Enquirer: 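Handing you a structure now.
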Number of protein chains: 4
Amino acid sequence: MSSTKASHVSSINASGLEAVMLVDKRQRRLAAGQDPAKRQQILEGANRVFSHLGFDAASMNDITREAGVSKGTIYVYFDSKEELFMELCNHYREVLFVNIYNFLEDDGDLREALIGFGSALAELITSDVVISAQRGVIGVAERMPSISREFYERGPKRGQAKLRGLLDRNVATGVLDIPDTELATYQLVDLFMSGMFKKRLYGCMEGPPSQELIRRTVTAGVDVFLRAYRPS
Amino acid sequence: MSSTKASHVSSINASGLEAVMLVDKRQRRLAAGQDPAKRQQILEGANRVFSHLGFDAASMNDITREAGVSKGTIYVYFDSKEELFMELCNHYREVLFVNIYNFLEDDGDLREALIGFGSALAELITSDVVISAQRGVIGVAERMPSISREFYERGPKRGQAKLRGLLDRNVATGVLDIPDTELATYQLVDLFMSGMFKKRLYGCMEGPPSQELIRRTVTAGVDVFLRAYRPS
Amino acid sequence: MSSTKASHVSSINASGLEAVMLVDKRQRRLAAGQDPAKRQQILEGANRVFSHLGFDAASMNDITREAGVSKGTIYVYFDSKEELFMELCNHYREVLFVNIYNFLEDDGDLREALIGFGSALAELITSDVVISAQRGVIGVAERMPSISREFYERGPKRGQAKLRGLLDRNVATGVLDIPDTELATYQLVDLFMSGMFKKRLYGCMEGPPSQELIRRTVTAGVDVFLRAYRPS
Amino acid sequence: MSSTKASHVSSINASGLEAVMLVDKRQRRLAAGQDPAKRQQILEGANRVFSHLGFDAASMNDITREAGVSKGTIYVYFDSKEELFMELCNHYREVLFVNIYNFLEDDGDLREALIGFGSALAELITSDVVISAQRGVIGVAERMPSISREFYERGPKRGQAKLRGLLDRNVATGVLDIPDTELATYQLVDLFMSGMFKKRLYGCMEGPPSQELIRRTVTAGVDVFLRAYRPS
DNA sequence: GATGAATGAGTATTCATTCAT
DNA sequence: TATGAATGAATACTCATTCAT
């Protein structure tokens, strides 16, 4: 299962995004700034550059080179470097988190469901792509608060809500005994990646954690959670 | 006790740092780059600017203006913008974390000790100063990994080690039953500030959390931890 | 003959260099840093500024203003101020010395040939353009020895070699009796411009010497040389 | 004889300049900017720095360090960096050329006298100290023409006059047959150091020429001169 | 519509000069 | 009087943005 997810993260660029490229090639020419394939091409180049360098150190020339489009063209699609960055964040947020919530639909065993979702989430959030994105977004949080806020609210927070729904349902059926499910959700998500998230963010863990480490951490986290919140 | 600490964080600038400024004014003049008061003045200005703008967007001119010193003077005290930033990180790390570990020396009630330490740590880490510092450091992690890594290793990681000592001692005496205390330490620290840390980092929580919210979150976290790891 | 050359030196900027500017204007646009006219424009501005101020005192802003190009453009054509200066030296060396050696091909009367070549060389070397270049190059000789060395080796030294060839041929045919033609060549070149070169270099002679003065000095020098080295 | 001169050049700093330091130590304190020893100390430091770096690249801090005086003190003795440089040039010109004309007083053999004087002059002018000074002076000739002009007029030119006197006397007595002794003087001086002066100035000859090379060059030059101007 | 050469305000850093001690 | 810390204008160089082609 988590091996399925593994391909999820790493193939984001290839599959998740190209869907948008199904352009109607019949029309002779697209209006300025209207070709989704070109837009996509720019976003992908920008992503590679911003990921490696961060917002400030990335130059529009770098992006130009990486995307294979001219400077002028970029400015037709995006008003400024800042807007390009914001759109990039929005874009990836949509794409990355789109499939992750399926794990929560399952009505099978609670522990299994939590471990499955937790593993997928932990893998995604500690992946190179997402760590870079988070760093970029956190780095400009002070200057462009809306970007990072939105990133969080539409990304992690939405996951939180879905997860909370699952917990609520289990509280209702008496499987769990949780006084404050909002707080418990935060706790559970943190427990999913204890010892991995911060290390990754600060660069103290070189690459993404192994499947095995993720599985071990998530399992331990879920068990702590269940021992604490299962009715005695 | 934690209320004592509360003043600790918010008065860092006023109390913690000015101690150094008690310079013997009798001596003729201080050597170039040797006046601690001036050094402090520069660090404080730099802190304000870096906090608001991040490393890249902050200009030395901004810092000059904010610190009220001339450009030349800054370069007498710090070799470069980068060094100034690193020194700032080191400085605050030293000052901020210096007193926090006292809570772990207590040999009183375990739950009380954890709640005391957790509250102090959560307050510190979600404070404006420290959030800004973390953002700055995370923002440049891709390009200057040594800075952020060092920040983590000398800050959070050191706290982790101290806390783990306490857990180990309680496992030895049979008060706790923990298979992997390293992992458990990470879990506990995350539980201290579930729902607060990320929100703060991403700018989704405007100011620092209230004393009351901290206390509530920490207590809930500690209780989850103890329920999960207390021998049945 | 030397009057033909006279126009050579003073019209260098107008004629010698603009030849390159005959660009085919049909092509769409020239690649960055590839337009010879613009390159020339920058070199001419730089020449004016470096000539008046020397390498260090000349600022890139001055050159920007004088050349009528933007700073960015200069940096597309030349990597640095230093490189611009070196290219300028190379450029003028090539252009200025290109036609001077024709006088040495002549197989007419030796005295006439020496006077013709000496006049052309003296006029060139004491011209405003070349005096400025030499000053610039000598001024940085201590710090950037490669520039000035190259200037000498590709400029004066090469002329020396050609001239020595002529002397060698005349020694072989018994027209001259010279024990050391290398030294004799240096002597002859110095005799060409005795009393003019140093005065010009040190700024003691305001403008370039008159045609008449050059002719007189060169003739006298050649006669000294021939009296000394003609077989008795 | 030329070995005596050799020590002349290399001991300039030690002997020639300290004479000025014979200060009357009885007076309690010297007026600001009036202590010749301190002035000398500054000039020596400045000389070392300007020689190695040239006018522009030399910083007042370098001079401060090298001279062992404070910045303020330098500005008491010299109004500006520029004035310091000018004074330095004047100073060294006086000292260096002061003893060289003794060779011209001799009323012995003409050839011997010319070789003696020529050797001393060539050694002096191609010495490290004087080459550095000339480079410095030539490098700023465009911006500060008075400095370099004065350097030439009081240095080389004055020597020229003395030498011309000797030639004139020999023309009067029929030993030489020279139509234009002014020009002949320039020719003779150039012949003294053919192949050495320019090479040294442009940095194509690493250190000062050997005694042997000087002797050889001067002798050859004098012989050319005499063959050309001795009455047949 | 797409291009990329040109622009010039902005950057970090240096250094001649001043002036409080 | 001598000092050297402080100043801030000036420097070489970069890069987001524009606009002629």
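These numbers were taken from a predicted model, which means no experiment stands behind them. What's counted below: heavy atoms across the whole structure, side chains too, no hydrogens, waters or symmetry copies.
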Enquirer: Tell me which of C:Lys81 and B:Gly68 sits closer to the 5' end of DNA chain F, going by the nucleotide each one is nearest to.
Expert: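 Here B:Gly68 is the residue nearer the 5' end.
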Enquirer: Could you tell me whether a side-chain N or O of B:Glu142 sits under 3.5 Å from a main-chain N or O of A:Leu53, the two making a donor and an acceptor?
Expert: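 Such a contact is absent between B:Glu142 side chain and A:Leu53 backbone.
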Enquirer: Pick base, sugar-phosphate or nothing for B:Ser80, based on heavy-atom distances below 4.0 Å to the nucleic acid.
Expert: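 The residue B:Ser80 makes sugar-phosphate contact but no base contact.
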Enquirer: Do the side chain of B:Lys71 and the base of E:dT14 come within less than 3.5 angstrom through a donor-acceptor pair of N or O atoms?
Expert: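 By the distance-only test, no, there is no pair.
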Enquirer: For F:dG8 and B:Ser70 - does any side-chain N or O of the residue sit under 4.0 Å from the phosphate oxygens OP1/OP2?
Expert: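 No, B:Ser70 has no side-chain N/O under 4.0 Å of OP1/OP2 on F:dG8.
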Enquirer: Specify the closest pair of heavy atoms between D:Gln134 and D:Phe151, including all atoms of both residues, with the distance to one decimal.
Expert: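 Smallest heavy-atom distance, with atoms named: CG-CE2, 4.0 Å.
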Enquirer: Without decimals, in angstroms, what is the distance between B:Ile74 CD1 and E:dC15 P?
Expert: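 Computing the B:Ile74:CD1 to E:dC15:P distance gives 18 Å.
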Enquirer: Starting at atom CZ of C:Arg39, determine the distance to atom P of E:dA5, rounded to an integer number of angstrom.
Expert: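 Distance check: C:Arg39 CZ to E:dA5 P gives 16 Å.
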Enquirer: In whole Å, what is the span from the CG atom of C:Asp35 to the P atom of E:dG4?
Expert: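 From C:Asp35 CG to E:dG4 P: 16 Å.
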Enquirer: Whole Å only: how far is the OH atom of A:Tyr75 from the P atom of E:dG1?
Expert: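 After rounding, the reported distance stands at 19 Å.
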Enquirer: At less than 4.0 Å, is any side-chain N or O atom of A:Thr73 found next to OP1 or OP2 of E:dT3? Yes or no.
Expert: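 Affirmative; the distance criterion is met.
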Enquirer: Can a cation-pi geometry be assigned to B:Lys81 and B:Phe55, taking NZ or CZ under 6.0 Å from the six-membered ring centre and within 45° of the ring axis?
Expert: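 Ring-cation test returns yes.
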Enquirer: Could you tell me whether the side chains of A:Ser59 and A:Asp62 share a donor-acceptor contact shorter than 3.5 Å?
Expert: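 A:Ser59 vs A:Asp62: donor-acceptor pair found between side chains.
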Enquirer: Is the phosphate of E:dG1, meaning OP1 or OP2, less than 4.0 Å from a side-chain N or O of A:Lys38?
Expert: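 No, no such contact exists.
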Enquirer: When you get a sec, tell me which of E:dT13, F:dC13, E:dA16 is the closest nucleotide to the side chain of B:Met60?
Expert: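 Within the option list, the nearest is E:dT13.
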Enquirer: By nearest nucleotide on DNA chain E, pick out whichever of D:Gly72 and B:Ala57 is the more 5' one.
Expert: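 By nearest-heavy-atom nucleotide position, the 5'-most residue is B:Ala57.
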Enquirer: Need the pair for F:dT11. Rule: Watson-Crick or G-U wobble, both distances under 3.5 Å, any strand; none if unpaired.
Expert: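 Base partner found: E:dA12.
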Enquirer: Report the base-pairing partner of F:dT3 (Watson-Crick or G-U wobble, both distances below 3.5 angstrom), or none.
Expert: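 Because both required distances fall under 3.5 Å, F:dT3 counts as paired with E:dA20.
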